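Let me begin by presenting the structure, written as structure tokens, before commenting on it.
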Amino acid sequence: MANCCPVQWSFENFLLRGWDFIVSHANYVWKLKQTLPTLSAALQELKAQRNDLRRQVDLAEERLLKPLEQVQLWLSKAETMITEAEQLVSNAPQQMNNLCLGGCASKSCLSSYKFGKNVAKMLQQIDDHKSKGAFEKVADNQSAASVVVRPVEQPVALESTIQKVWSCIVETDVGIIGLYGLGGVGKTTLLTKLNNKFSTTQNDFKVIWALVSKDYDVGKIQDRIGGNLGFSDDSWKEKSVDQKATDIYGVLHNKKFVVLFDDLWERVDLNQVGIPIPSQENGSKLIFTTRSLEVCGEMGARKKIKVECLEPEKAWELFQDKVGYETLNSHPDIQNLAKQVAERCGGLPLALITIGRAMACKTTLGEWKYAIEMLKRCALPKMENEVFPLLKFSYDNLPNATMKCCLLYCCLHPEDYCIPKTRLVEYWFCEGLLNEFDRISDAQMQGDDIINSLLNACLLENGDELGEDCVKMHDVIRDMALWITHELKATENDFFVKAGAQLFEEPDVKIWESVKRMSVMENKLEVLNETPKCPNLRTLFLSQNELKVINDGFFQFIPHLIVLDLSKNPELQTLPKGISQLISLECLDLSYTGMEELPIELKSLTKLKMLDLNYMENLKRIPQHLISSFSKLQIFRMLLLENGDYPDEDNVLSGGHEKLIEELKGLQHLNKLAIPIRNMFCVEKFLNFNLFRCWTQTLQLIDFRESKVFNVLCLENLERLETLLFSYCESMEEIKMEKLHTGVYSSANYTSRFHTLSSVTIIGCNKLRDVTWLILAPNLRNLELYLCLNMEEILSEGKLGEVASVIGSPYPKPFLKLETLYFQFLPKMKSIYWDALPFPCLKLIRINVCGELKKLPFNSDSAKGNLLSIEGSKDRWATVEWKNEATRDVFLPSFKSVYG
């Protein structure tokens, strides 16, 4: 009996435990009516808490903040719980139907038990999760992406430039790249495309974009860079420039970065900003856009890439896209008018886009014709309001009023006109715009500097007139300049410009009587009948018309006229007597006019500084003492088209021009001279006078009838000789190189022989067989030979042996600076040079009627990298004997048939 008590206790314990187990599990079933409503309420509370938190996250993301990972995790778990709880709630009706005996029992005990247990468990999980959902903040400043992709319009024709820049980026030795070009040409678009390209190309750069703009502030640049690096809180923005620079440098000096600066107007000090200097060692890059080539230099750009305007085909493509298919096809004639409008935009994307959008709803011919007329007048509202003001920033940024006046002066010329640089500077000088110097030879330096500055600012472009240095104005820049002159009409810049306007009659004098500068050049004017009263007129361009008659009173009331250009009016045979009234005149250009003599009335022009009589085909007489009366004359030009007979009486042109030479001797201010000489006696007389040795730029030797041999070394002391012409010297058989003094020239002395000579023209010298002396002109740029019927070779291998005795050293490689080569009617020409030459600067060869010239001095490396054009006949090209097939293949694309 003693052993029964433990057994009985164990059995009772088992029963009690079993009962507790049954009761605890039964509770899941018995309490379903209570826990299910509680779960539904907890679910709604969790949903509300989730929604509130999600709204906070969305708001933070809109502010470019990054949600905290613990918040993201809580929301993720909440979503899972909500899904599971909703499933339980949706199954509740079925489970409630299984309950019986007032909810104390179930028809399916096991199912109800499991369901009840899951409900209780979910309720506990929701309560726990809700308690963890209280966050002090839901997001923080996010670390900047390596590249922030920027919105950009689809670019047109930028692919090749993008590729050129990208190739520089991958070059390790190129750290700083400058992209420069005209305002509105697409520099920002290009930079944006480059920025976005970093996001699609595998690389390890940290890319930073910062707009700089005019009158930049270092602190603002730092703020923009700081935003890319994660420094965007208010406390950082309150730091000093030096402190910010330290922070920026601290991040970047350990990174490989690309900084993209848009719209630089002046040098930005990278050290002051905090940007480490890009170098081969750190592999980083700085790429910037600017309107000025000078800024590229100031920033130390290793590569300077010009962003050009669009070619006509691409410009038309862009314009069509902005106007739209529907408008362009709304009338059969609109497309042709639209092409005219697009052409007026000169390939400038900003103008094409602005005008294209403005014309997108213009569906009548009248609207398009009106737009064309307004564009011609520079008065289209969209251009005035959106394009010209943007371009005017470049004008306003010019450093002084002189440079601004010089730019506006260029718009006196027609569209697409190649303006000779030398002539432009001479006009500026006579106008008094170049006030730093009294002599044109010195003022030329200031003028050249201004031209270079305007070129660097992309307000002028280099012209394409081969053989002469020229500049051009882009059409839209010219329109902008004319718009500026109109805006400044109340001040001194009152212009009247109808250049190239197809005028047949002179404009109504009332329109231009008050102007300061007037240009009606390149029109169809034949007669000037009016007697205008123009007290303010300083400049008058009448060149390239069809003038025959100028009324005697035309110049009577223009007392302050300074520059008068009548050039290229071949039918203008006389000047009106009233020209004597132009007592303020300083520049008179009569070149290429048809006058037979200069009137003595010109003696009144005592202030004349420039007189151009070049190529006046009919000129037979200049009265004695007329030229010598121009005591202030600095520039005198008088080259002849051909030889002629001149009356002896009272005429400085008679004889060998010795009378002309005598009159020029008295002009002590002369420092630019172009003159013809007709015999050796006059050459010797001419060369004995120091004034001529110092200031002769162009010398024409014409009709040397008595000279069979000419020693070119007699001209070696012409210090500034740039152009030399041999015209119709039919007796001349040889141009030799014979030392005038004993002793051998050292190679150092040789550098002073003809080093200034850049252009040589030989025409109608039928007995010459070679021009080997050209080896003495190392800087020759232009060579023209015409109508030399016995010319056989340019450089004679046999005669080159003479050169060593002349210069005291082996002769140099010829034609290293040559740009243009013209050969015409040289029927016996066989050789230019016996071996291949490099021709590093050659741009154009034009050959016609040179049947014996079978070989050109080329190999596959000649003119490498040049945009060379070879012009001639197809038959002539077919007879060329090339050094090898590789050479022929190199030059085949350069050939252009121009003579049939």
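The structure displayed is predicted, hence computed values, not measured ones.
- Evaluated for a ring-ring contact (aromatic ring centres under 6.0 Å, His included) with Phe858, the options Phe815, Phe891, Tyr833 yield exactly one hit, Phe891.
- There is no side-chain donor-acceptor pair under 3.5 Å between Glu596 and Asn618.
- Side-chain contact check for Glu663 and Ser628: at least one donor-acceptor pair (N or O, by modelled atom type) lies under 3.5 Å.
- Side chain to side chain, Ser453 and Asn456 fail the donor-acceptor criterion of an N or O pair below 3.5 Å.
- Under the 3.5 Å distance criterion, with hydrogens and angles disregarded, a donor-acceptor pair is assigned to the side chains of Tyr786 and Glu784.
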Side-chain donor-acceptor contacts of residues 725-732 below 3.5 Å, not counting sequence neighbours, with atom names and distances?
from   : atom 1 : to     : atom 2 : distance (Å)
Ser727 : OG     : Gln700 : NE2    : 3.1
Ser731 : OG     : Arg705 : O      : 2.6

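- Salt bridge absent: Lys830 and Glu852 never bring a charged side-chain N and a carboxylate O closer than 4.0 Å.
- With values rounded to the nearest 0.5 angstrom, Lys609 atom NZ is found 11.0 Å from Leu633 atom CG.
- Within a 6.0 Å sphere centred on CZ of Phe689, heavy atoms belonging to other residues, nucleotides or ligands number more than 12.
- Here the closest non-hydrogen pair linking Thr756 and Leu718 is OG1-O, 4.4 Å.
- Under the 4.5 Å side-chain criterion, counting only non-hydrogen atoms from C-beta, Ser860 is in contact with Thr887.
- Within the 4.5 Å cutoff, no side-chain heavy atoms of Ile419 are placed close to those of Leu460.
- Shortest non-hydrogen contact noted between Leu691 and Gln668 is CD1-O, 4.4 Å.
- Residues Leu293 and Leu455 form no side-chain contact, since every pair of their non-hydrogen atoms from C-beta on lies 4.5 Å or further apart.
- At most 12 heavy atoms of other shown residues, nucleotides or ligands fall within 6.0 angstrom of atom NZ in Lys607.
- At a threshold of 4.0 Å, the pair Glu662-Lys659 does not count as salt-bridged, since none of the basic side-chain nitrogens sits closer than that to a carboxylate oxygen.
- Applying the salt bridge (Lys or Arg N to Asp or Glu O under 4.0 Å) test between Arg423 and each of Asp469, Asp612, Asp565 identifies Asp612 as the sole match.
- We find that Glu734 and Lys799 are joined by a salt bridge, their nearest charged nitrogen and carboxylate oxygen being less than 4.0 Å apart.
- No donor-acceptor contact under 3.5 angstrom links the side chains of Asp770 and Ser796, judged on distance only.
- The list of side chain to side chain donor-acceptor pair (under 3.5 Å) pairs with a residue in residues 429-438, not counting sequence neighbours, reads Tyr409-Glu431, Glu431-Arg517, Glu431-Thr539.
- A salt bridge links Arg637 with Glu426: at least one charged nitrogen is closer than 4.0 Å to a carboxylate oxygen.
- Between the CG atom in Leu611 and the CD1 atom in Ile635 there is a gap of 10.0 Å [rounded to 0.5 Å].
- At a threshold of 4.0 Å, the pair Glu586-Lys632 does not count as salt-bridged, since none of the basic side-chain nitrogens sits closer than that to a carboxylate oxygen.
- For the residue pair Gln444/Asp448, the side-chain donor-acceptor check at 3.5 Å is satisfied.
- Looking at Asp589 and Ser543, their side chains never come closer than 4.5 Å, going by heavy atoms from C-beta outward.
- Residues Leu564 and Leu542 meet the side-chain proximity criterion, which asks for heavy atoms closer than 4.5 Å.
- Taken to the nearest 0.5 Å, the CG atom of Leu774 stands 9.5 Å off from the CG atom of Leu818.
- Here Arg781 pairs with Glu819 in a salt bridge; the nearest charged N to carboxylate O distance falls below 4.0 Å.
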